[in-house]
Chemist: 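Once you've had a glance at the structure underneath, I'll fire off some questions.
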Amino acid sequence: MAIWLMKSEPDEFSINDLKQNTREYWNGVRNFQARNFMRQMREGDLVLFYHSSCKTPGIVGTAYISKEAHPDPSCWDTQSVYFDPKSSPDAPRWDQVQIRFDNKLKKTLTLTTLKSLAELNGFPLVAKGNRLSVMPVEDKYWKVIQPILEFDATDSH
DNA sequence: GCCAACGTTGGC
DNA sequence: GCCAACGTTGGC
């Protein structure tokens with residue numbers, strides 16, 4: 001099972017929204033590197049849910065991949081904020097996955113904390129200038145992060 | 001709100 | 001194929 005990290009602005013879509021909805025399509029990704037990572041995702045892979053562009057950026061919960069990559073309909077929807085004129089139903093260009101809520105952390109594992117861990121040097125999330133919204137979490141980094149995740153509920157993990 | 005860093009576009 | 005200009009991300 002692979003581990004991924006996905007960023008969301010909580011004003012747009014938060015871990016609480018995911019908890020309430022249980023499942024959500026991860027659409028609107030318009031970056032090739034992020035899209036290519038989504039294409040590598042397999043059902044059952046674990047996702048670290050990250051809040052970005054907010055007061056306290058950091059990991060806030062976990063989810064599972066519940067549907068693998070398939071065309072993101074918003075890319076050819078002229079009414080969508082994610083509309084891409086270079087996309088069409090015949091040539092979608094962009095993909096989405098579906099994720100399912102797993103668990104929420106007791107409190108945010110903040111970016112500040114993650115940056116303070118020397119063992120995470122090299123992890124794209126903490127690299128200067130990195131803006132990737134979807135990234136793999138290599139095993140060596142997962143080994144550092146996993147033990148410090150404190151879940152709200154322990155039964156679903 | 002600012003701005004550094006980065007990805008994408010398009011002229012040449 | 002280069003690279004300047006532009007738009008976006010996201011921490012601070």
Side-chain angles (χ1 to χ4, degrees), chain A residues 2-21 24-41 45-65 68-99 101-138 140-142 144-150 152:
Chain A
I3 318 289
W4 306 91
L5 182 140
M6 299 176 95
K7 296 179 182 175
S8 182
E9 298 185 22
D11 288 348
E12 296 294 324
F13 187 76
S14 72
I15 188 70
N16 287 332
D17 295 327
L18 180 64
K19 185 177 181 180
Q20 192 174 345
N21 299 0
E24 188 73 19
Y25 285 101
W26 203 273
N27 62 4
V29 170
R30 298 292 179 266
N31 171 286
F32 290 107
Q33 217 182 338
R35 182 203 67 183
N36 293 341
F37 283 136
M38 290 206 298
R39 287 179 173 177
Q40 294 173 32
M41 293 173 172
D45 282 358
L46 188 71
V47 175
L48 302 180
F49 196 107
Y50 178 94
H51 281 176
S52 67
S53 295
C54 57
K55 196 178 171 192
T56 311
I59 298 168
V60 291
T62 53
Y64 285 102
I65 300 299
E68 296 180 6
H70 56 283
D72 171 2
S74 71
C75 73
W76 64 76
D77 175 4
T78 54
Q79 302 305 306
S80 171
V81 292
Y82 300 127
F83 173 66
D84 173 3
K86 291 183 175 172
S87 295
S88 69
D90 289 338
R93 187 158 137 128
W94 302 109
D95 280 6
Q96 62 181 7
V97 295
Q98 188 198 59
I99 64 170
F101 177 77
D102 174 47
N103 217 329
K104 203 182 145 178
L105 300 191
K106 278 183 187 164
K107 61 183 177 66
T108 304
L109 175 51
T110 67
L111 179 62
T112 308
T113 299
L114 295 168
K115 280 183 169 173
S116 74
L117 302 171
E119 304 96 312
L120 292 183
N121 285 347
F123 181 39
L125 182 76
V126 299
K128 189 185 173 187
N130 198 287
R131 303 177 307 165
L132 201 54
S133 64
V134 176
M135 68 186 77
V137 182
E138 280 181 62
K140 58 181 173 179
Y141 304 130
W142 176 231
V144 176
I145 295 169
Q146 186 176 27
I148 55 177
L149 295 176
E150 291 184 66
D152 221 20

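Any value given below was found using the heavy atoms of this structure, including those in side chains, with hydrogens, waters and symmetry copies removed. Quick note on labels: first sequence line is chain A, next is B, and so on, each numbered from 1.
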Chemist: When rounded to the nearest 0.5 angstrom, what distance separates OG1 in A/Thr78 from CH2 in A/Trp76?
Modeler: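 Going from the OG1 atom of A/Thr78 to the CH2 atom of A/Trp76 covers 12.5 Å.
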Chemist: Starting at atom CG of A/Asp84, determine the distance to atom P of C/dG7, rounded to an integer number of angstrom.
Modeler: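 About 16 Å, once rounded to whole Å.
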Chemist: Looking at A/Lys7, I'd like to know whether one of its side-chain N or O atoms comes within less than 4.0 Å of OP1 or OP2 on C/dT9.
Modeler: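 Negative; the distance criterion is not met.
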Chemist: Give the rounded distance in Å between these two atoms: CG of A/Asn36 and P of B/dG7.
Modeler: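 A/Asn36 atom CG is separated from B/dG7 atom P by 13 Å.
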Chemist: Quick one: A/Phe32 CZ to B/dC6 C1', roughly how many Å, whole number?
Modeler: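 Distance, rounded to whole Å: 15 Å.
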Chemist: In this structure, how many angstroms lie between the P atom of B/dA5 and the CG atom of A/Asn31, rounded?
Modeler: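 A/Asn31 atom CG is separated from B/dA5 atom P by 18 Å.
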Chemist: How many Å lie between CZ on A/Arg30 and C1' on C/dG10, as a whole number?
Modeler: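 These atoms are roughly 19 Å apart.
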Chemist: Going from CD1 on A/Ile99 to OH on A/Tyr64, what distance comes out if it is rounded to the nearest 0.5 angstrom?
Modeler: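 If I round to the nearest 0.5 Å, the distance is 12.5 Å.
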Chemist: Between A/Ser88 and A/Asp90, is any side-chain donor less than 3.5 angstrom from a side-chain acceptor?
Modeler: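 No donor-acceptor contact under 3.5 Å links the two side chains.
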Chemist: Would you mind classifying the nucleic acid contact of A/Arg93 as base, sugar-phosphate or nothing, using non-hydrogen atoms under 4.0 angstrom?
Modeler: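 Answer is sugar-phosphate: A/Arg93 comes under 4.0 Å of backbone atoms only.
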Chemist: Nearest heavy-atom pair of A/Ala34 and A/Val29: which atoms, and what distance?
Modeler: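 Closest approach of A/Ala34 to A/Val29, heavy atoms only: CB-CG1, 3.6 Å.
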Chemist: Taking 4.0 angstrom as the limit, do A/Asp84 and A/Arg30 come out as a salt bridge?
Modeler: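 Here A/Asp84 does not pair with A/Arg30 in a salt bridge, since their nearest N and O are not under 4.0 Å apart.
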Chemist: Parallel, tilted or perpendicular, judged at 30° and 60°: which one describes the rings of A/Phe49 and A/Trp26?
Modeler: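 A/Phe49 vs A/Trp26 ring planes: perpendicular.
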Chemist: Between A/Tyr141 and A/Phe123, what is the ring plane arrangement, given parallel below 30°, perpendicular above 60°, and tilted in between?
Modeler: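 A/Tyr141 and A/Phe123: tilted rings.
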Chemist: Consider the side chain of A/Leu111, meaning its heavy atoms from C-beta on, and name the nucleotide among C/dG11, B/dG7, C/dG10 that approaches it most closely.
Modeler: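 For the A/Leu111 side chain, the nearest candidate turns out to be C/dG11.
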Chemist: Round to the nearest Å and state the distance from A/Leu132 atom CG to C/dT9 atom C1'.
Modeler: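 Answer to the nearest Å: 11 Å.
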Chemist: Nearest whole Å is fine: how far is B/dC3 P from A/Lys128 NZ?
Modeler: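 For the pair A/Lys128 NZ and B/dC3 P, the rounded distance is 15 Å.
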Chemist: Between P on C/dC12 and CZ on A/Arg131, what's the gap in Å once rounded to a whole number?
Modeler: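 Going from A/Arg131 (CZ) to C/dC12 (P), I get 15 Å.
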Chemist: Side chain of A/Lys86, heavy atoms from C-beta onward: which of C/dG10, B/dA5, B/dT9 has the nearest atom to it?
Modeler: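 In terms of side-chain proximity for A/Lys86, the closest of C/dG10, B/dA5, B/dT9 is B/dT9.
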Chemist: Under 4.0 Å from any atom of DNA chain C, heavy atoms only: list the residues of residues 48-58 of chain A that qualify, in numerical order.
Modeler: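 Only A/Tyr50, A/Ser52, A/Ser53, A/Pro57 qualify.
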